Amino acid sequence: MTTLILMKWSLFFITLLILAYPLGCWISCLAEDTRIPLFLKRIENAIYRLIGVEASKHMGWFSYTKALLLFNLLGVFSIYMLQRFQGSLPFNPQAFSAVSADSAFNTAISFVTNTNWQGYAGESTMSYLTQMLGLTVQNFLSAATGITVVFALIRGLTSRSAQTIGNFWVDITRSTLFILLPLSMVIATFMMGQGVIQNLDAYKTVSLLEPVEYSQAKTDAKGQPVLDAKGNPVQEKVTTKTQTLAMGPVASQEAIKMLGTNGGGFFNANSAHPFENPTPLSNWIQMLSILLIPTALCFTFGHLVKDNRQGWTLLGAMILIFIAMLTVITQAEQSANPQLHAAISSATTNMEGKETRFGIIESSLFAAITTATSCGAVIAMHDSLMPLGGFITLGFMQLGEVVFGGVGSGLYGMLIMAILAVFIAGLMIGRTPEYLGKKIEAYEMKMVSIAILATPLLLLGGLSIAVLTDAGKAGISNPGAHGFSQLLYALSSAANNNGSAFGGLSANTPFFNSLLAIVMWLGRFLIIVPVLAIAGSLAAKKKLDAHAGTMPTHGMLFMVLLIGTILIVGALTYIPALALGPIAEHLTIISKGH
């Protein structure tokens, strides 16, 4: 690890903290309904009158949950129908036809759940209207949904014998209108200044400086591949003198894609595409954008519970785990594949699959950020990472994405881990566990257990189905341990609502579109519902004053306990599966390289 790398990381995190702190203060004002400028209140009141919402009426946890689920179901229906009828709708200069039923179903659930898994190439599948009205809108609303859940849980921890946890419609409106929208406008404007395109033009055909010759599979009149005597596709040489450049409203989607930890790219190459991410500065801003709101919410938490040390403790645990795992992935990618190094003595790093404009250091940092959060955007092919690099990206997701995590989902996931940590500590010292003055009893622990166990059950259950069926194994492009890692990564990404992919799995099939859609939906809402139930239960309890037997939930001791809880839960759950994938591949490469 060089001094230059440490300086880059230090500058990045210092900048992140400087930007996140005032944003966290502003978000706490929105959650508490304090110090909101009068003109903003007038705007939101006009919206409430328009949609028929009584803003002063607060909801119990069940009503809050019902509103949240119905709102998201409506989002699934609207995106699905938009895709199915896009061929007949405007803003479709390339005349793209309707998206297939299974792909439309997968995409609708993917964007509503903040996963943004894409089994298709955006520039050759989705019309501008679908990208704007469907995908970009849900980028806002899915991120705002995560923020509403955090607001509800914090109210549960801070309320004194209350029967309500807020108003979902107020929370979703404020999160969208006063947090996500203004930040997106600023970042989209900046991105356009860097060279990210923003237009509604038809795709442009340009002449190449010199002809390009390539091979492709020959097809018959029905579009089927022509096979030779051995059953292999017949290849034919093609020469082209032109290239088609995709256009579109990219900057507006790119901004919320990062801020909302969404990750769904306008183009198939995602943030490796120069129209989405043209410069090193735009790349740096994108990485900051991904972590900005998850970091700010830690400060919001400290403000709302009236103890900033609580927010710093959670943030400190996130940063320590992140830095440790980032060090491993960076070190792994700076070391060449031993087999390649044996063949080519000059091979000292692993540049395969990397974005050459940004290099290994930036690619490793981006890969760590995008899997530690629920973003899923990429500037490098994770399929080409060294086995230890793939192990780390899998590990970030399988820890439940509580190391920063998604917008909202990272913090409420971390708070679930904090409740589990105080429960374990209470068992060790023989006291009824408390967190921020609220007793943690049987009901809360049942809900915590559901929230913690839901993801591994979905992930490992879905993985079992994939490896035991021909349809699941058909998508694997590499044999052995790496092929298993492709399946493990896809299910980890879906169950944890991340959305990134190894890149080598052929997942745009009815089998994977259906399986991953179900896993994404349940992976999102089997966590949210128990969290809101916990919020409702805690809100109804009296808030106890600190006493001699109260375990402090701030400071280094609790931070270590929290980190240990996170790592043990993740390690005990997924190490067997990881041993069959990246760990086995790493050992194989080492053995063959010597």
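Remember, it's a predicted structure, so these values are computed and weren't measured experimentally.
A side-chain donor-acceptor contact under 3.5 Å links Gln198 and Ser252. Between the side chains of Gln398 and Ser492, a donor-acceptor pair is found at a separation under 3.5 Å. No hydrogens or angles considered: a donor-acceptor pair under 3.5 Å links the side chains of Thr130 and Gln86. Between the side chains of Thr373 and Glu401, not a single donor N or O lies within less than 3.5 Å of an accepting N or O. Looking only at atom types and distance, the side chain of Glu352 has a donor-acceptor partner in the side chain of Ser384 under 3.5 Å away. Between the side chains of Gln94 and Glu123, not a single donor N or O lies within less than 3.5 Å of an accepting N or O. Side chain to side chain, Glu44 and Thr173 fail the donor-acceptor criterion of an N or O pair below 3.5 Å. At a cut-off of 3.5 Å, with distance as the only test, a side-chain donor of Gln486 or Ser477 sits close to an acceptor on the other residue.
The backbone N or O of Ala272 lies less than 3.5 Å from no partner atom in the side chain of Asn270, so there is not a single donor-acceptor pair. Distance alone, capped at 3.5 Å, is enough to place a donor-acceptor pair between the Asn497 side chain and the Met520 backbone. Side chain of Thr261 to backbone of Ile290: no donor-acceptor contact under 3.5 angstrom is found. Of the possible donor and acceptor atoms, none in the side chain of Asp171 sits under 3.5 Å from a partner among the backbone N and O of Ala152. Although no hydrogens or angles enter the test, the distance criterion places a donor-acceptor pair under 3.5 Å between the side chain of Asn496 and the main chain of Met397.
Between the OG atom of Ser184 and the NZ atom of Lys257 there is a distance of 13.0 Å, given to the nearest 0.5 Å. Here Asn277 contributes atom CG and Met287 contributes atom CE; the two are 8.5 Å apart, rounded to the nearest 0.5 Å.
Note: Tyr203 and Tyr128 have tilted aromatic rings, judged against thresholds of 30 and 60 degrees for the angle between ring planes.
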Check your understanding: Going through the checks in order, is the ring pair (Phe, Tyr, Trp, His ring centres under 6.0 Å) test met by Phe266 and His273?
Key -> CA-CA 9 Å; Phe266 195 96; His273 198 293; 9.2 Å; no

Check your understanding: Does the pair Glu362 and Arg357 meet the rule for a salt bridge (Lys or Arg N to Asp or Glu O under 4.0 Å), with working shown?
Key -> CA-CA 9 Å; Glu362 300 299 316; Arg357 292 177 298 154; over 6 Å; no

Exercise for review: Apply side chain to side chain donor-acceptor pair (under 3.5 Å) to Tyr214 and Thr239, showing your working.
Suggested key: CA-CA 7 Å; Tyr214 60 94; Thr239 301; over 6 Å; no

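Contact record, Phe267 with Glu276: N-OE2, 2.7 Å, taken as the closest heavy-atom pair. The shortest heavy-atom contact between Phe91 and Pro93 is C-CD, 3.5 Å.
Residues Glu210 and Lys241 are not paired through a salt bridge, judged by the lack of any N-O separation under 4.0 Å between the basic side chain and the carboxylate.
If you run side-chain hydrogen bond (donor to acceptor under 3.5 Å, both in side chains) between Asn114 and each of Thr145, Asn139, Asn498, Asn262, only Asn262 comes through.
Between Tyr80 and Phe105, the ring centre distance reaches or exceeds 6.0 Å.
The environment of Leu209 atom CG is sparse: at most 12 non-hydrogen atoms of other residues, nucleotides or ligands sit within 6.0 angstrom.
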